[in-house]
Amino acid sequence: QKVMIIEKLLERDNHMITRSQLLMDMHYHLNSNELDEIMKGFHESKMIVIENRGNTMIYHMPDIQVEKLKEWMAGKR
């Protein structure tokens with residue numbers, strides 16, 4: 001599940017996704033409580049930033065994390 005979420009963020013041009021969009025995309029794989037726990041862990045480890053814009057929660061992966069993950073993934077192949 002975590003890998004799928006990371007892949008979703010990496011495949012987006014701006015490395016951002018709303019909570020509702022992520023839940024729609026992942027509804028067969030996890031529920032909202034599971035998503036919240038995963039994203040909380042990502043946020044605490046500085047992998048993502050969580051922004052609130054009105055009633056919309058946005059998950060954003062900073063460019064530095066994107067680069068680190070791409071380097072790590074390239075080394076795993």
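All heavy atoms count here, side chains included; hydrogens, waters and symmetry mates do not.
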For I58 and R53: C-alpha separation, side-chain torsions, deciding distance, then whether side-chain contact (heavy atoms from CB on, under 4.5 Å) applies.
CA-CA 7 Å; I58 298 172; R53 295 184 187 166; 3.4 Å; yes
Could you report the tightest heavy-atom contact between N33 and N31, atom names first, then the distance?
N-OD1, 3.0 Å
Spacing of [atom1] belonging to [X] relative to [atom2] belonging to [Y], to within rounding of 0.5 Å:
{"X": "I38", "Y": "K2", "atom1": "CD1", "atom2": "NZ", "answer": "6.5 Å"}
{"X": "M39", "Y": "I17", "atom1": "CE", "atom2": "CD1", "answer": "8.5 Å"}
{"X": "I5", "Y": "M47", "atom1": "CD1", "atom2": "CE", "answer": "10.5 Å"}
{"X": "I6", "Y": "H15", "atom1": "CD1", "atom2": "NE2", "answer": "13.0 Å"}
{"X": "L22", "Y": "L9", "atom1": "CG", "atom2": "CG", "answer": "7.0 Å"}
{"X": "M73", "Y": "L10", "atom1": "CE", "atom2": "CG", "answer": "6.0 Å"}

Could you check if a side-chain atom of M16 sits within less than 4.5 angstrom of a side-chain atom of Y59, using non-hydrogen atoms only?
no
Mark yes or no for whether Q1, through its side chain, and H29, through its backbone, hold a donor-acceptor pair below 3.5 Å.
yes
Are the side chain of E71 and the backbone N or O of K68 linked by a donor-acceptor pair below 3.5 Å?
no
Listed once per pair and sorted, the salt bridge (charged side-chain N to carboxylate O under 4.0 Å, His left out) pairs that draw on residues 11-31, sequence neighbours left out
K8-D25, R19-D36
Of all pairs that satisfy salt bridge (charged side-chain N to carboxylate O under 4.0 Å, His left out), the ones with a partner from residues 56-65, not counting sequence neighbours
none
Given the rule that I, L, V, M, F, W and Y join up when any side-chain heavy atoms are under 4.5 Å apart, are F42 and I50 in one cluster?
yes
Honestly curious: do L30 and M24 fall in one hydrophobic cluster under the side-chain, below-4.5 Å linking rule?
no
Tell me, with the steps shown, if S32 and L23 meet side-chain contact (heavy atoms from CB on, under 4.5 Å).
CA-CA 7 Å; S32 61; L23 277 170; 4.1 Å; yes
For [X], enumerate each residue passing the side chain to side chain contact (heavy atoms under 4.5 Å, CB included) test, keeping only those at least two apart in sequence or located in another chain.
{"X": "K40", "value": "E44"}
{"X": "K70", "value": "V66"}
{"X": "V49", "value": "E51, P62"}

Would you please test N14 and H60 for side-chain contact (heavy atoms from CB on, under 4.5 Å) and show each step?
CA-CA 8 Å; N14 58 5; H60 175 241; 5.8 Å; no
